[in-house]
Each structure stands twice: as structure tokens, then as C-alpha cells.
2 protein chains.
Amino acid sequence: MDERQVLSSFAALSQETRLAIVRALVVAGPEGLAAGVIAERMGVSATNASFHLKELERSGLISQRRESRSIIYSASYEALADLIKFLMEDCCAGHPAIRGNVERGDDCCIAADKGDVIA
Amino acid sequence: MDERQVLSSFAALSQETRLAIVRALVVAGPEGLAAGVIAERMGVSATNASFHLKELERSGLISQRRESRSIIYSASYEALADLIKFLMEDCCAGHPAIRGNVERGDDCCIAADKGDVIA
DNA sequence: TCCATACTTCAATAATCCTAGAATTATTGG
DNA sequence: CCAATAATTCTAGGATTATTGAAGTATGGA
């Protein structure tokens with residue numbers, strides 16, 4: 001995942017409505033949700049929903065497909081996973097002991113949260 | 001970690017200079033880096049660095065301490081870990097099978113990236 | 001105390017983002 | 001083909017953010 005996409009993903013997630021949309025789409029699963037349903041659930045206008053959906057799509061965090069009259073949006077789990085991975089790698093950078101854990105399949109900074117090594 | 005802080009953390013990380021600062025501070029470790037050093041390394045003015053550092057501090061991703069004439073900034077590993085955790089929980093929401101993995105101590109969406117279940 | 005260093009704050013400008021309404025496009029049913 | 005539904009695009013505004021240079025604050029040494 002290149003920096004350009006990381007930046008635009010963070011930008012996409014830094015807006016209340018967009019974060020809520022992503023959460024709803026993650027819960028909705030691969031089936032996704034129609035633009036209209038999203039607008040209604042978020043309590044925003046179709047125009048506004050469309051604006052934010054476009055923004056999210058531009059960042060690669062969600063994708064769309066047409067289904068009859070509706071346009072269905074769904075979360076890109078791959079993009080979300082890549083973003084988490086980026087964050088974990090950056091978070092662990094320069095901390096070989098913790099990075100070692102990651103390579104063993106454990107989690108990284110989450111471990112730090114449990115109260116060891118760092119902090 | 002409440003939504004307010006999540007949003008401001010993502011906003012903080014969505015700017016090139018700020019993302020670079022966080023990466024540098026993570027690598028620098030608990031010792032941190034002086035504001036002047038950061039400005040120089042990022043190739044921005046002291047004023048501009050100060051602006052971005054303040055923004056990062058406001059989001060809780062970094063913290064500062066004065067040391068003689070310098071002000072030293074360092075990454076908050078806890079905040080970074082919380083952010084990753086938030087992302088993982090949101091990413092796994094509604095996917096019990098994967099969430100199960102998390103509870104067993106494996107990682108979450110990272111697993112999805114290895115090519116199973118989702119996608 | 002005076003000066004230099006290390007930063008931050010202020011003020012103004014430029015740039016980007018968000019919202020809202022009107023107009024436009026695509027699809028389906030009568 | 002026409003009307004209705006489902007969305008998007010366009011345009012204009014107001015609101016935030018980012019950048020810059022000048023001025024201000026804190027610290028330590030001569």
C-alpha cells in the first residue's frame with residue numbers, strides 16, 4: 001500500500017459520516033448496501049451520501065456495483081486490512097522485539113497495550 | 001477510545017508532513033525528537049512544524065516535554081495501539097469467525113489478507 | 001542584564017473540504 | 001415512449017485547514 005493511498009484512506013476515515021458508512025458496510029458484509037439505504041441510515045441527503053461515498057471509493061476503502069436501479073456499495077476488507085497492516089508496521093518500526101512478535105503471528109502494538117516493553 | 005478521538009487521529013494522520021512526523025517519532029522511540037530536529041528532517045519551517053505538531057498532540061498521538069531550551073516530542077504508542085485496535089474491531093465487526101481468531105490472540109483482518117473466509 | 005537559541009503564537013492568505021439545491025443520467029415498469 | 005425511481009454531477013456557499021512571515025515567550029550562557 002503506497003503512501004498516497006494511506007493518506008487518502010486516513011482522510012476518508014476522518015469524517016464522521018464516512019466513518020459511520022464504513023462501519024455500516026463492514027457489518028453489512030459482501031452483500032453491501034444501496035446508496036439510498038446508506039443515505040437514509042446516516043440521516044443525510046442523497047447528494048451528501050453520494051459525495052462521501054465517492055470520497056470513500058476514491059480511497060479504495062469501498063467499492064460499488066450496479067444492481068438494477070440501485071448502486072450497491074460494499075467495504076473492501078483488503079484495503080482495510082492493508083491499512084491496519086501499514087499502521088502496525090509503522091507502529092512497530094524500530095522496535096525489533098515487538099516486530100519479532102508480529103513475525104511469530106502475534107499482534108504488535110496491541111501487545112504493547114497489555115503493558116510491556118514500551119511505555 | 002471514543003469516536004471523537006478516532007476521528008481526530010485519522011485526520012491527524014491524513015496529512016503528509018504529519019504522517020512523516022509520526023513515523024519518525026515512532027522510530028525515535030521514547031527519547032523522542034526536538035521540534036527543531038523534526039522541522040529540519042521534514043524540510044519545513046519551524047512555524048509549519050509547530051502547527052502540525054500541535055495538531056498531532058491535540059489528537060493524542062504524540063506528547064511533548066520541555067528539555068532545557070528544546071521541546072521534545074514523542075509518539076504515544078498507547079494511542080497508536082488504540083487506533084489499531086479500533087480499526088481491527090471495526091474491520092471484524094459482524095464477522096464472528098474472524099473475531100474468534102482475535103480472541104484467541106491471532107490477528108484479525110490481517111488473517112483475511114492471507115486469503116481466507118472474506119473477500 | 002543582555003543576547004542568542006528554540007519554539008510558539010498571531011494574522012493574513014491560499015487551498016481544500018463539506019453541504020445544499022437544481023439539473024442530469026441510468027434503469028425499470030406501464 | 002413516458003413517468004417514476006435511484007443516484008450522480010454541477011454550482012455556489014460557507015467552513016476548515018495549511019502555509020508563510022512577523023512578532024512574542026521561555027531558557028540558558030556571557
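Residue numbers begin at 1 in each chain, while the letters A, B, ... track the order of the sequences. Keep in mind that the numbers below use all heavy atoms, side chains included, and drop hydrogens, waters and symmetry copies.
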Any base atoms under 4.0 Å from Gln15(B), or only sugar-phosphate, or nothing? Heavy atoms, all strands.
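Sugar-phosphate: the residue Gln15(B), judged by heavy atoms under 4.0 Å, touches backbone atoms but no base.
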Whole-Å gap separating [atom2] ([N]) and [atom1] ([X]):
X        : N       : atom1 : atom2 : result
Glu57(B) : dC7(C)  : CD    : C1'   : 13 Å
Arg65(B) : dT27(D) : CZ    : P     : 16 Å
Glu55(B) : dT17(D) : CD    : P     : 7 Å
Leu56(B) : dT8(C)  : CG    : P     : 12 Å
His52(B) : dT19(D) : NE2   : C1'   : 8 Å
Glu40(B) : dA6(C)  : CD    : P     : 11 Å

Pairs in or reaching into residues 62-74 of chain A: which pass side-chain hydrogen bond (donor to acceptor under 3.5 Å, both in side chains), with residues at least two apart or in two chains?
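Passing the test, one end in residues 62-74 of chain A: Gln64(A)-Tyr73(A), Arg65(A)-Glu67(A).
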Of all pairs that satisfy side-chain hydrogen bond (donor to acceptor under 3.5 Å, both in side chains), the ones with a partner from residues 53-62 of chain A, not counting sequence neighbours:
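Listed by first then second residue: Glu55(A)-Arg58(A).
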Expected string for nucleotides 5-16 of chain D under the B/S/- scheme (protein heavy atoms, under 4.0 Å, primed atoms plus P, OP1, OP2 as sugar-phosphate) is BSSBB-------
If every non-hydrogen atom of Ile21(A) is compared with every non-hydrogen atom of His52(A), which pair is closest and at what distance?
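Closest approach of Ile21(A) to His52(A), heavy atoms only: CD1-CB, 4.2 Å.
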Exercise: identify the closest heavy-atom pair between Phe10(B) and Leu13(A):
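Smallest heavy-atom distance, with atoms named: CD1-O, 3.4 Å.
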Taking DNA chain D as the partner, which of residues 5-14 of chain B come within under 4.0 angstrom of it by heavy atom?
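By residue number: none to list.
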If only atom types and distance count, is the side chain of Arg18(A) paired as donor or acceptor with the main-chain N or O of Ala12(A) below 3.5 Å?
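Yes; judged by distance alone, with no hydrogens or angles, the pair exists.
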Given DNA chain C, 5'-ward residue of the pair Glu67(A) and Ser45(A), judged by closest heavy atom
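Result of the comparison: Ser45(A).
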The criterion is salt bridge (charged side-chain N to carboxylate O under 4.0 Å, His left out); which residues satisfy it with Glu16(B), sequence neighbours excluded?
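With neighbours one apart ignored, the set is empty.
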Distance check, rounded to the nearest 0.5 Å: Lys85(A) atom NZ versus Leu87(B) atom CG?
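One gets 13.5 Å once the value is rounded to the nearest 0.5 Å.
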Under 3.5 Å, which donor-acceptor pairs link side chains of residues 37-50 of chain A to any protein atom two or more places apart or in another chain?
from: Ser45(A); atom 1: OG; to: Asn48(A); atom 2: N; distance (Å): 3.0

Verdict with supporting geometry, Glu3(B) and Arg23(A), salt bridge (charged side-chain N to carboxylate O under 4.0 Å, His left out)
CA-CA 12 Å; Glu3(B) 174 157 326; Arg23(A) 294 173 96 164; 3.1 Å; yes
